[in-house]
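Single-structure report; data block below.
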Amino acid sequence: SLFFLVLFLPATICGKENGGMSNEALENAVFCLQQKATTISYAPPKFTEHEYRLKYLIGVQQKGDQSNELQLIVYGPSEKNGILYQLYLEERDHRPIFYIGEMGTLKWSGGNMIPDEMWGGVGTYYSVKRLLRKFSTETAITLKEGDVKEGMRGCVLQR
């Protein structure tokens, strides 16, 4: 029974065997951000009138990250701005949740996406710049607004 749990758990967190997240899990994450981050003026921007465009990284990307950490960028039109969200895949009261941590805005400058308004100070700025270099090699995913809905994970906003 424990052996099954150990093998099954990573697939339930990510939704795919390759360590990536399923579209359903990403739709659930954007839904959570719509519901919670909007209340503090960090609603996920839309790429087009009816679509979201995003990139994500999961797990430890650099020193200080946690293994359950999901770094998610939701882009605005033309991928020239966006919001970086730090979410954590956790459990509360025996239910899986997205715990929404820090967030900050991004902008296009000099041919690259750079931090605009970020939490923390100068150290955070350079840490986010390093993270954005990793994002630059990832393929963007487009989600239709109509597919963004509540999923198996609940939503909790840090504040």
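Heavy atoms only: backbone and side chains are in, while hydrogens, waters and symmetry mates are out.
Linking Ile, Leu, Val, Met, Phe, Trp and Tyr residues whenever their side-chain heavy atoms come within less than 4.5 Å places L26 and L33 in a single cluster. Under the 4.5 Å side-chain heavy-atom criterion for Ile, Leu, Val, Met, Phe, Trp and Tyr, I83 and Y52 are members of the same hydrophobic cluster.
Summarising the local packing, OH of Y125 is surrounded by more than 12 heavy atoms from other residues, nucleotides or ligands at distances under 6.0 Å. By the 6.0 Å contact criterion, NZ on K144 is open, its count of non-hydrogen atoms from other residues, nucleotides or ligands being 12 or less. At most 12 non-hydrogen atoms from other residues, nucleotides or ligands lie less than 6.0 angstrom from CZ of R92.
To the nearest 0.5 Å, atoms CG (D65) and OH (Y88) are separated by 7.5 Å. Summarising the geometry, atom CE belonging to M152 is positioned 8.0 Å from atom CG belonging to N28; distances are rounded to the nearest 0.5 Å. Taken to the nearest 0.5 Å, the OG1 atom of T124 stands 7.0 Å off from the CH2 atom of W119. One finds the CD atom of E138 at 12.0 Å from the CD atom of Q71 (value rounded to the nearest 0.5 Å). Atom CG in L143 sits 5.5 Å away from atom CD in E27 (nearest 0.5 Å). Atom CD of Q86 is separated from atom CG of L57 by 11.5 Å, given to the nearest 0.5 angstrom.
Taking each heavy atom of V128 and M118 in turn, the nearest pair found is CG2-SD, 3.8 Å. Taking all atoms of both residues into account, the shortest heavy-atom contact from P45 to G82 is CG-CA, 4.4 Å. Considering every non-hydrogen atom in both T139 and K55, the closest pair reads O-CG, 4.0 Å. In terms of heavy-atom proximity, V74 sits nearest to L54 at CA-CB, 4.3 Å. A pairwise comparison of heavy atoms in Y85 and Y42 identifies OH-O, 2.7 Å as the closest pair. Here the shortest heavy-atom pairing between T38 and A43 reads OG1-CB, 3.3 Å.
E91 has its side chain within reach of H94: a pair of non-hydrogen atoms, C-beta onward, lies under 4.5 Å apart. Considering only heavy atoms from C-beta on, N81 stays 4.5 Å or farther from T105 through its side chain. Residues F98 and V30 form no side-chain contact, since every pair of their non-hydrogen atoms from C-beta on lies 4.5 Å or further apart. Side chains of D116 and L106 form no contact here, defined as non-hydrogen atoms less than 4.5 Å apart. Between F135 and M113, every side-chain heavy-atom pair lies at or beyond the 4.5 Å cut-off. Taking 4.5 Å as the limit, some side-chain heavy atom of L157 sits within range of a side-chain heavy atom of I100. A heavy-atom distance below 4.5 Å is found between the side chains of L132 and P115. A 4.5 Å side-chain heavy-atom check between L89 and R153 finds at least one atom pair inside the cut-off.
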Step by step, would you call E69 with V60 a side-chain contact (heavy atoms from CB on, under 4.5 Å)? CA-CA 7 Å; E69 197 164 331; V60 175; over 6 Å; no

Please walk me through it: do Q35 and F31 pass side-chain contact (heavy atoms from CB on, under 4.5 Å)? CA-CA 6 Å; Q35 300 301 305; F31 175 84; 3.6 Å; yes

Working for side-chain contact (heavy atoms from CB on, under 4.5 Å), residues I40 and M103: CA-CA 10 Å; I40 57 169; M103 54 201 84; 3.9 Å; yes

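Applying the salt bridge (charged side-chain N to carboxylate O under 4.0 Å, His left out) test to E51 and every residue at least two apart in sequence or in another chain returns nothing.
A donor-acceptor distance shorter than 3.5 angstrom exists from the side chain of Y56 to the backbone of M21, with no hydrogens or angles considered. Judged by distance alone, the side chain of K129 and the main-chain N or O of S127 form no donor-acceptor pair under 3.5 Å.
Legend: salt bridge (Lys or Arg N to Asp or Glu O under 4.0 Å) pairs involving residues 70-82, not counting sequence neighbours, sorted by first then second residue: R53-E79.
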